[in-house]
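Presented below is the structure to which this report refers.
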Amino acid sequence: MANIRVRFAPSPTGYLHVGGARTALYNWLFARRHGGVFILRIEDTDADRSKPELVTAILDSLEWLGLSWDEGPFRQSERLARYREVAAELERLGHAYPCFCTTQELQAKRARAEQERRPGKYDGTCRNLTRSERERRSAEGRAAALRFRVPDSGETGFDDLVFGRVAVENREIEDFVLFRSDGNPTYHLGVVVDDLDMKITHVVRGADHLSNTPKQVLAYGALGAPLPMFAHLPLILGPDRQRLSKRHGATSVGAYREQGILPETLANFLALLGWTPPGQKEIISLDEMVREFTLEAVSKSNAVFDPEKLAWMNSEILRRLPEERLLSLVQGELESAGLWRPAFASEERERFRRTVPLLQTRARTLKDFSASGRAFFADEFDYDREAVGKFWKDPGLAGYLGELAERLSRLDPFDAGQAENCLRGLAEEKGVKAGLLINAARVALTGQAVAPGLFDVMVTLGRERVVARLRRAAKVLREGAGADVGGAG
Ligand code: GLU
């Protein structure tokens, strides 16, 4: 396929949500697969609802997902003159007419139709006004919208790459508005003009637009322009099979990013909402997707968004991340949590490089590095209450941990094997189980009940920190016997 040109055309009236992100991803994959061009277009003609900061947020989310665009971002708000020109052309050709009906009149008619259970299609009041009737209304200062004159008979259809043949009787399509009476173009006009001007070959968008497409097909016909190919993507439902919405929890890309979901994960997860890669692979990289993606393999059945699968996928992908990539992602996470220290890039680089893979096996999200993994990057951390309740009960622990600190401070060499011998020796001398000391020391060193192997943790933290933390725990235990020891400080 030569010269493929596709576009992603978000309206900046909200953050980039998962449905939009999937549309962007499929367009991007299709373009990359065929060496085509991926265009970004901001559909911001609704001045009241479009916000510049949302444009920035959308671009940010796309970049985070790794979906780079080749042209744009173009803004519809900068192309108003062009839409006016095409609208005038459609009117000149007799495919559009001015409509003087006011919003109130239209609303009243729609309400009546609803009461009488009729379709609330525009009734054509202004469709056949004579020239003098139009002039009289204009002279009265009545503002006019411009409507498309839909043929009375016949049908309008198109061959969708996903949904197959879609056709609608023209008498079911209302004379839709091209230009509003406030001078703003509608979505239908903007999208057709832009897709033509931008030489879009394939319109790939959500199935919520399926019912819009016949109107746009009519507009292409009226302009004597060839149709692009259309591919509508299946709807995304929540686990309860209702259309995915805020009720189901986070829907924006930014919210998943904040939860510590990796961009690789979200892209992988979204790709599978409607597309099954060959071999039904569940974990697939962007590069592999580019090699394997086809629109023909997109299903028209609704896709179900399963947050548990997303969580599973995130820990799988996290576990497989190459070291350099993981290090940079963790750096980003620590930066946003205020835990990043420049030393991690210089004199403590080696320690940072050893710590991250240690936490990698257990982490489910990037957040785990800054939350449960906090003690690996900062000396101020809290003791998890449950861990304390469970592992700091034995009244002898203050003494044991204090003694362990003394022995470790003299240990030579300070390595995992020696540290383990040291702890086990102490347990034996005191006549307690090694597990008692291991669990208590784990809480002392990491604040957590669950952490990587204790002796690896010791080596990673280094002797000085280990000794200081054991002493601090011993002190807390002595002073706070039975009291609230939830906060370490
Ligand atoms: N601005 C429209 C939307 O956000 C784009 C629809 C289209 O791709 O044609 O849904």
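The structure displayed is predicted, hence computed values, not measured ones. When a ligand or atom number is given, it counts from 1 through the structure's own listing order.
Evaluation of the ring-ring contact (aromatic ring centres under 6.0 Å, His included) test over residues 179-199, restricted to residues two or more places apart or in two chains, returns F176-H188, Y187-H209. Contacts classified as ring-ring contact (aromatic ring centres under 6.0 Å, His included) and involving residues 263-294 (residues at least two apart or in different chains) are given here: Y26-F293, F269-F305, W275-F293. Annotation: salt bridge (Lys or Arg N to Asp or Glu O under 4.0 Å) contacts involving residues 367-377, sequence neighbours excluded, comprise E333-K367.
With T186 contributing its side chain and L178 its backbone, the two residues share a donor-acceptor pair below 3.5 Å.
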Between ligand 1 and the protein, find all N/O pairs closer than 3.5 Å and give the distance for each.
from	atom 1	to	atom 2	distance (Å)
ligand 1	1 (N)	A9	O	2.8
ligand 1	1 (N)	S11	OG	2.9
ligand 1	1 (N)	E43	OE1	2.6
ligand 1	4 (O)	S11	OG	3.4
ligand 1	8 (O)	R7	NH1	2.6
ligand 1	8 (O)	R7	NH2	3.4
ligand 1	9 (O)	R7	NH2	3.0
ligand 1	9 (O)	Y187	OH	2.8
ligand 1	9 (O)	R205	NH1	2.8
ligand 1	10 (O)	H209	NE2	2.8

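Cation-pi contact between R79 and F74: absent, since separation from the ring centre below 6.0 Å together with deviation from the ring axis within 45° is not met.
Taking the six-membered ring for Trp and thresholds of 30 and 60 degrees, H34 and F30 have ring planes more than 60 degrees apart, a perpendicular arrangement.
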